[in-house]
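Excluded from the calculations below are hydrogen atoms, water molecules and symmetry mates; all remaining heavy atoms, backbone and side chain alike, are included.
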Amino acid sequence: GEVGCAFVVARAGAGADAVRAAVERHARAALAGYKVPRRVEVLDAPVPRLGSGKIDRRALAARAALGA
């Protein structure tokens with residue numbers, strides 16, 4: 001079993017705790033309970049991307065594994 005983790009880039013000046021709470025609130029209102037991510041990580045930098053412009057999912061998976 002994998003556990004869902006959401007990666008979010010916060011706007012300038014937004015606190016990480018406030019962003020995390022807002023994402024969790026929105027997910028609980030919009031998704032079924034089993035789809036709500038158990039962890040929400042707020043990134044300081046933009047989401048890592050590949051040369052083709054796609055999101056680098058392997059980099060995010062590695063970061064999630066370090067935080068577990």
Exercise for the section: Determine the minimum heavy-atom distance between V42 and R63, stating which atoms define it. Expected result: O-NH2, 4.4 Å

Exercise for the section: Specify the closest pair of heavy atoms between R20 and V40, including all atoms of both residues, with the distance to one decimal. Expected result: NE-O, 3.0 Å

Handout entry: Hydrophobic cluster identity match, F7 and I55, side-chain contacts under 4.5 Å
Key = yes

Problem - 4.5 Å side-chain heavy-atom contact, R39 and V3 - result: no

Exercise for the section: With the side chain counted from C-beta on, respond yes when L60 and V47 share a heavy-atom pair under 4.5 Å apart, and no when they do not. Expected result: yes

Practice task
Output the distance between atom CZ (R49) and atom CZ (R57), rounded to the nearest 0.5 Å.
Solution key: 10.5 Å

Handout entry: Nearest non-hydrogen partners of L31 and K35, listed with the distance
Key = CD1-O, 3.8 Å

Handout entry: Distance in Å, R58 CZ paired with L50 CG, rounded so as to fall on 0.5 Å steps
Key = 9.0 Å

Practice task
Over all heavy atoms of both residues, which pair between A10 and V19 is shortest? Give the atoms and the distance, please.
Solution key: CB-CG2, 3.7 Å

